[in-house]
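Small disclaimer: the values here were computed from a predicted structure and weren't measured. Just so it is clear, the values below take in all heavy atoms, side chains as well, and ignore hydrogens, waters and symmetry mates.
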Amino acid sequence: MTRTAGAPIGCQRPSRFWGLGCPKIYHEAEDTLVLYQANYDLLTNLPNRTLLMDRLGQNILGAEQDQRVFAVLFIDLDRFKVVNDLYGHVIGDALMKLVAQRLGKSVREADTVARFGGDEFVVLLNGVAERNRAQAVAEKIIQELSRPFELGERVVTIGASIGITLFPADVDAAWNREDIASALLSNADMAMYQAKAKGRNHCQFFEQPMQESVKRNLALEQDLRHAVAKNELCLYYQPIYEASSNEMTGMEALLRWRHPVLV
């Protein structure tokens, strides 16, 4: 079982320490707790990023051996920060727990739901026979997370934007497994931002042009960081006139970038 709060054998979350008078039992319980804390998110009891990367590596290995497809879904909650800021962290934490429960109910026992950090989650869908299957699961998740959440006397509504990438279609088979795992998460993250740009509550598959667009934007950002030192920024003043009297009432300062390639 990979998606529920229960941990695998050897990593059960101890509810209490029995036999504290026995050093061996105490240390075994302590080691089990430390192992659990290292691999699970303590708020939602979902796998954390460390365990996610381990399972992602296992998925890659198994998919390579069996020549099967799996999908990575990167989920970002829409409007969660608004709820957290408005009602406080206690309500935010309660909402996060309910989100984790709904995510777990939206996938199969063989799939993995992990909390990636903050209001971001990752789902590993095993044995996805076709692209439509991954999209159907993503749409189901969006539908589930869009339903109102009852938090005591408050009812809040959020949503989700989801990016989807597929193995092996969206990566280079010649890469090592660590690079493939990083690329899959990066691809799904890029697709998620494209989904969010559509107006939220959308899902989007990764497409290669997205990667090229990100590379261009990063290169442009780096160029801009050095623009002042290279004397590429020019200040222009544009007069502002009053339409009725045609009198100049002020000046507008415009900073223009004379990029050596984009000009």
Side-chain angles (χ1 to χ4, degrees), residues 1-8 11-16 33 36-56 71-126 128 133-164 185 188-189 191-193 195-196 198-204:
M1 184 180 295
T2 57
R3 64 172 175 82
T4 59
C11 192
Q12 296 294 333
R13 185 178 188 178
S15 58
R16 65 183 69 183
L33 179 60
Y36 186 90
Q37 292 174 335
N39 289 281
Y40 287 83
D41 174 63
L42 299 184
L43 176 63
T44 62
N45 289 328
L46 293 175
N48 61 16
R49 188 182 304 199
T50 300
L51 186 53
L52 168 69
M53 296 305 295
D54 180 70
R55 290 185 177 170
L56 183 53
V72 178
L73 277 58
F74 200 105
I75 304 167
D76 183 81
L77 301 182
D78 296 330
R79 297 182 295 276
F80 174 80
K81 187 177 185 302
V82 174
V83 174
N84 205 44
D85 292 344
L86 185 61
Y87 299 119
H89 294 291
V90 173
I91 294 296
D93 287 351
L95 175 58
M96 192 65 69
K97 292 178 182 178
L98 294 178
V99 166
Q101 292 174 13
R102 290 192 187 181
L103 286 174
K105 293 177 181 178
S106 299
V107 299
R108 303 163 301 179
E109 295 288 336
D111 300 324
T112 293
V113 177
R115 188 180 182 193
F116 195 71
D119 58 355
E120 296 176 333
F121 297 82
V122 172
V123 174
L124 305 181
L125 294 179
N126 293 312
V128 179
R133 164 65 183 159
Q135 182 172 348
V137 173
E139 290 174 348
K140 180 181 180 181
I141 289 173
I142 290 173
Q143 184 178 10
E144 285 296 312
L145 297 184
S146 298
R147 292 191 294 108
F149 289 85
E150 295 184 5
L151 300 166
E153 298 178 354
R154 296 183 176 87
V155 177
V156 301
T157 303
I158 57 171
S161 299
I162 303 179
I164 310 170
L185 289 173
D189 186 38
M192 180 274 292
Y193 278 105
K196 196 176 285 289
K198 290 182 177 180
R200 306 176 189 274
N201 270 6
H202 284 86
C203 61
Q204 171 70 51

**Item:** Stepwise side chain to side chain contact (heavy atoms under 4.5 Å, CB included) check, Leu151 with Leu98
**Value:** CA-CA 9 Å; Leu151 300 166; Leu98 294 178; 3.5 Å; yes
**Asked** Are more than 12 heavy atoms from other residues, nucleotides or ligands located less than 6.0 Å from atom CD of Gln143?
**Response** no
**Asked** How far does CG of Asp93 sit from OG1 of Thr44, to the nearest 0.5 angstrom?
**Response** 10.5 Å
**Test item: Arg115 and Pro47 side chains (from C-beta on) under 4.5 Å apart, heavy atoms** = no
**Prompt:** After noting the C-alpha distance and the side-chain angles of Glu150 and Val156, does the key distance pass the side chain to side chain contact (heavy atoms under 4.5 Å, CB included) rule?
**Reply:** CA-CA 7 Å; Glu150 295 184 5; Val156 301; over 6 Å; no
**Message:** Closer than 3.5 angstrom, by distance alone: can the side chain of Arg102 be matched with the main-chain N or O of Glu144 as a donor-acceptor pair?
**Reply:** yes
**Prompt:** Does Arg108 reach the main-chain N or O of Leu125 with its side chain, forming a donor-acceptor pair under 3.5 Å?
**Reply:** no
**Request:** Take Lys81 and Asp119 through the salt bridge (charged side-chain N to carboxylate O under 4.0 Å, His left out) test and state the conclusion after the steps.
**Result:** CA-CA 8 Å; Lys81 187 177 185 302; Asp119 58 355; over 6 Å; no
**Prompt:** Have Gln135 and Glu139 got a donor and an acceptor in their side chains that come within less than 3.5 Å?
**Reply:** yes
**Item:** NZ on Lys97 to CG on Leu95, rounded to 0.5 Å
**Value:** 11.5 Å
**Request:** Please test Ser161 against Asp78 for side-chain hydrogen bond (donor to acceptor under 3.5 Å, both in side chains), starting from the C-alpha separation and ending with a verdict.
**Result:** CA-CA 7 Å; Ser161 299; Asp78 296 330; 3.1 Å; yes
**Request:** Using modelled atom types only, decide if a donor and an acceptor are shared between the side chain of Arg49 and the backbone of Phe116 within a distance under 3.5 Å.
**Result:** yes
**Gap between atom CG of Asp85 and atom CD1 of Ile91 - 0.5 Å precision** = 13.5 Å
**Prompt:** What closest approach, in Å, do Leu46 and Ala100 show between heavy atoms, and which atom pair accounts for it?
**Reply:** CD1-CB, 3.6 Å
**Asked** With a 4.5 Å heavy-atom cut-off, do Val123 and Phe74 have their side chains touching?
**Response** no
**Complete:** Residue set satisfying salt bridge (Lys or Arg N to Asp or Glu O under 4.0 Å) with Glu120, at least two apart, ordered chain then number -> none
**Request:** Show the numbers, then the answer: is there a side chain to side chain contact (heavy atoms under 4.5 Å, CB included) between Leu42 and Tyr36?
**Result:** CA-CA 9 Å; Leu42 299 184; Tyr36 186 90; 4.0 Å; yes
**Asked** Do the non-hydrogen side-chain atoms of Leu124 and Leu52 ever get within less than 4.5 Å of each other?
**Response** yes
**Message:** Do Lys198 and Gln204 make a side-chain contact, defined as non-hydrogen atoms from C-beta onward lying under 4.5 Å apart?
**Reply:** yes
**Prompt:** Do the side-chain N and O atoms of Asn39 and Thr50 include a donor-acceptor pair separated by under 3.5 angstrom?
**Reply:** no
**Asked** Within the distance-only criterion (no hydrogens, no angle test), does the side chain of Asn48 pair as donor or acceptor with the backbone N or O of Ala38 below 3.5 angstrom?
**Response** yes
**Request:** Specify the closest pair of heavy atoms between Asn84 and Gly92, including all atoms of both residues, with the distance to one decimal.
**Result:** OD1-CA, 3.3 Å
**Message:** For a side chain to side chain contact (heavy atoms under 4.5 Å, CB included) check, start with the C-alpha distance between Ile162 and Ile164, then their side-chain angles and the critical distance, and finish with the verdict.
**Reply:** CA-CA 7 Å; Ile162 303 179; Ile164 310 170; 4.2 Å; yes
**Message:** Between Phe121 and Leu103, is there a side-chain heavy-atom distance shorter than 4.5 Å?
**Reply:** yes
**Prompt:** Side chains of Met192 and Ile75: does their closest heavy-atom pair fall under 4.5 Å?
**Reply:** no
**Heavy-atom closest contact (Ile141 atom, Ser106 atom, distance)** = CG1-CB, 3.8 Å
**Prompt:** How about Asn45 and Tyr40: do any of their side-chain heavy atoms sit closer than 4.5 Å?
**Reply:** no
**Prompt:** Do Val122 and Leu73 touch side chain to side chain, with heavy atoms closer than 4.5 Å?
**Reply:** no
**Prompt:** Does the side chain of Ser146 pick up a donor-acceptor pair with the side chain of Asn201 at under 3.5 Å?
**Reply:** yes
**Request:** Might you confirm whether atom OH of Tyr193 has over 12 heavy atoms from other residues, nucleotides or ligands at distances under 6.0 Å?
**Result:** no
**Asked** Does Ile158 offer a backbone N or O that forms a donor-acceptor pair with the side chain of Arg79 under 3.5 Å?
**Response** yes
